[in-house]
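In what follows, a single structure is set out as structure tokens and then discussed.
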There are 2 protein chains.
Amino acid sequence: MRFDDPPPEPLASAPGFLLSWNGQRIARSFAAALEPLGLRPPHFGVMTLIEANPGSAQRELVERSMIDASTMVAVIDELEERGLAQRRADPGDRRKRAVYLTPTGKRTLERARTAAMETARAIFDPLDQRELETLTKLLRKLAGAGP
Amino acid sequence: MRFDDPPPEPLASAPGFLLSWNGQRIARSFAAALEPLGLRPPHFGVMTLIEANPGSAQRELVERSMIDASTMVAVIDELEERGLAQRRADPGDRRKRAVYLTPTGKRTLERARTAAMETARAIFDPLDQRELETLTKLLRKLAGAGP
DNA sequence: TATTGTTATACTCTATAACTATA
DNA sequence: TATAGTTATAGAGTATAACAATA
């Protein structure tokens with residue numbers, strides 16, 4: 001059994017398996033799409049958060065993600081090394097580090113987003129527009145997100 | 001953000017994220033359901049394969065799963081230690097080890113299956129029967145499995 | 001020479017706990 | 001005393017490569 005092939009019965013009839021299988025498959029494709037940019041999924045997630053909340057303290061980024069504090073340090077270290085993000089002093093509280101994207105970071109994030117969208121399009125290609133909408137609606141409901 | 005809470009927008013609108021999120025969530029619940037039985041998901045998967053093909057060589061189990069050879073050795077070692085499976089000599093080829101479930105192994109697998117089904121029921125509880133069928137159909141199509 | 005199973009080893013990812021500095 | 005950030009360390013899980021026995 002490989003990720004390229006469709007799963008065999010009876011697995012392909014079990015919704016729990018199908019969900020986990022397709023989820024892993026898309027997570028993999030997503031990681032592969034990010035790789036040429038030198039990014040892994042956590043980098044993308046953190047950059048997206050920084051973009052939405054520029055100047056966040058690391059603590060806030062930890063709270064809004066599922067990344068713990070020590071991993072967050074490592075991720076932001078790597079973003080800084082690549083010139084994609086910057087830590088600056090927080091004028092009001094010297095313990096805090098305010099995190100920003102650099103212009104290069106913003107451009108890279110935009111490219112990453114494009115790559116991610118292309119990947120998603122390829123993965124969801126077997127479904128037509130209406131089916132994709134139905135799937136999204138059901139998955140939202142399953143996740144407990146509002147309608 | 002935690003796995004207990006629904007994901008925030010705009011993530012909750014992205015089908016790729018929703019798929020990965022729900023997939024991870026069910027994989028976690030599945031692992032948690034197995035834990036009281038002293039099993040992890042790979043144990044369950046391998047036991048299911050052995051049950052369907054008693055006397056398989058380890059090589060066959062590797063081919064039919066996504067577990068590599070050295071990991072398979074470790075998994076079967078653990079099943080043997082717990083008295084759930086047995087390696088026997090293959091009469092036709094002395095390199096091969098024919099793998100079987102013990103009676104205890106069969107009973108444990110049955111209990112694990114029950115636990116897994118209860119977990120799936122709890123996870124899919126937000127959907128009614130018709131919605132669950134639609135979701136399964138769409139996920140099958142997405143995975144490339146026949147109708 | 002190829003195959004089956006095994007072992008030893010290394011690697012990735014993440015989590016835990018202890019530490020520094022500020023509040 | 002509590003909080004923000006950091007570092008060092010350990011753990012789970014998996015993969016890679018070398019090896020012994022057998023074909």
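A quick note: this is a predicted structure, and the numbers were derived from the prediction, not measured. Lettering follows sequence order; numbering is per chain, from 1.
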TODO: Give a yes or no answer on whether the side chain of Q86(A) reaches the backbone of E80(A) with a donor-acceptor pair at less than 3.5 Å.
DONE: no
Open item on the list: T136(A): which residues meet the side chain to side chain donor-acceptor pair (under 3.5 Å) condition with it, sequence neighbours left out?
Closed with: none
Task: For R82(B), all residues meeting side chain to side chain donor-acceptor pair (under 3.5 Å), sequence neighbours excluded - done: none
- [ ] State whether F3(A) and R28(A) meet the cation-pi test: NZ (Lys) or CZ (Arg) under 6.0 Å from the six-membered ring centroid, and within 45° of the perpendicular axis.
- [x] no
Task: Phosphate OP1/OP2 of dA12(D): any R40(B) side-chain N/O under 4.0 Å - done: no
Open item on the list: Looking at R87(B), I'd like to know whether one of its side-chain N or O atoms comes within less than 4.0 Å of OP1 or OP2 on dT6(C).
Closed with: yes
TODO: State whether D93(B) and R95(B) are salt-bridged, where the test is any N-O pair (Lys NZ or Arg NE/NH1/NH2 against Asp/Glu carboxylate O) under 4.0 Å.
DONE: yes
Listed pairs, N/O of protein and of nucleotides 17-23 of chain D, under 3.5 Å:
residue: dA23(D); atom: OP1; partner: R94(B); partner atom: N; Å: 2.9

Task: D68(B) CG - dA10(C) P separation (whole Å) - done: 17 Å
Task: K96(A) NZ - dT6(D) P separation (whole Å) - done: 14 Å
Open item on the list: Is there a side-chain contact between F44(A) and L49(A) in this structure, where contact means two heavy atoms from C-beta onward sitting under 4.5 Å apart?
Closed with: no
Open item on the list: From CG of D77(B) over to P of dG5(C), roughly how many Å is that when rounded to an integer?
Closed with: 13 Å
Open item on the list: Using every non-hydrogen atom in the two residues, find where L39(A) and A112(A) come nearest and quote the distance to one decimal.
Closed with: CD1-CB, 4.1 Å
TODO: Could you tell me the separation between the CD1 atom of I67(B) and the C1' atom of dT6(C), rounded to a whole number of Å?
DONE: 16 Å
- [ ] Could you pull out the closest heavy-atom pair between L127(B) and L138(A), with the gap in Å?
- [x] CD2-O, 4.0 Å
Open item on the list: Quick check on the hydrophobic clustering: are L34(B) and L101(B) connected, directly or via other members, by side-chain heavy-atom contacts under 4.5 Å?
Closed with: yes
- [ ] Would you kindly give the CD1-to-P distance between I76(A) and dA4(D), to the nearest whole Å?
- [x] 14 Å
TODO: Check the distance between dA4(D)'s P and D90(A)'s CG and give it to me in whole angstrom.
DONE: 11 Å
- [ ] Output the distance between atom OG1 (T48(B)) and atom CZ (R113(B)), rounded to the nearest 0.5 Å.
- [x] 5.5 Å
Open item on the list: Looking only at the side chain of T71(A) (C-beta and beyond, no hydrogens), which of the listed nucleotides dT14(C), dG5(D), dG5(C) gets closest?
Closed with: dT14(C)
TODO: Would you jot down, in residue-number order, the residues of residues 51-59 of chain B having a non-hydrogen atom under 4.0 Å from DNA chain C?
DONE: A57(B), Q58(B), R59(B)
Task: Results of side chain to side chain donor-acceptor pair (under 3.5 Å) for D90(A) - residues two or more places apart only - done: none
TODO: Let me know the distance between NE2 of H43(B) and C1' of dA12(D), rounded to the nearest Å.
DONE: 13 Å
Task: Bending between helix ends of the helix from dT1(C)-dA23(D) to dA23(C)-dT1(D) [5 pairs per end, 10° resolution] - done: 20°
Task: d(CD, Q24(A); C1', dC13(C)) in whole Å - done: 14 Å
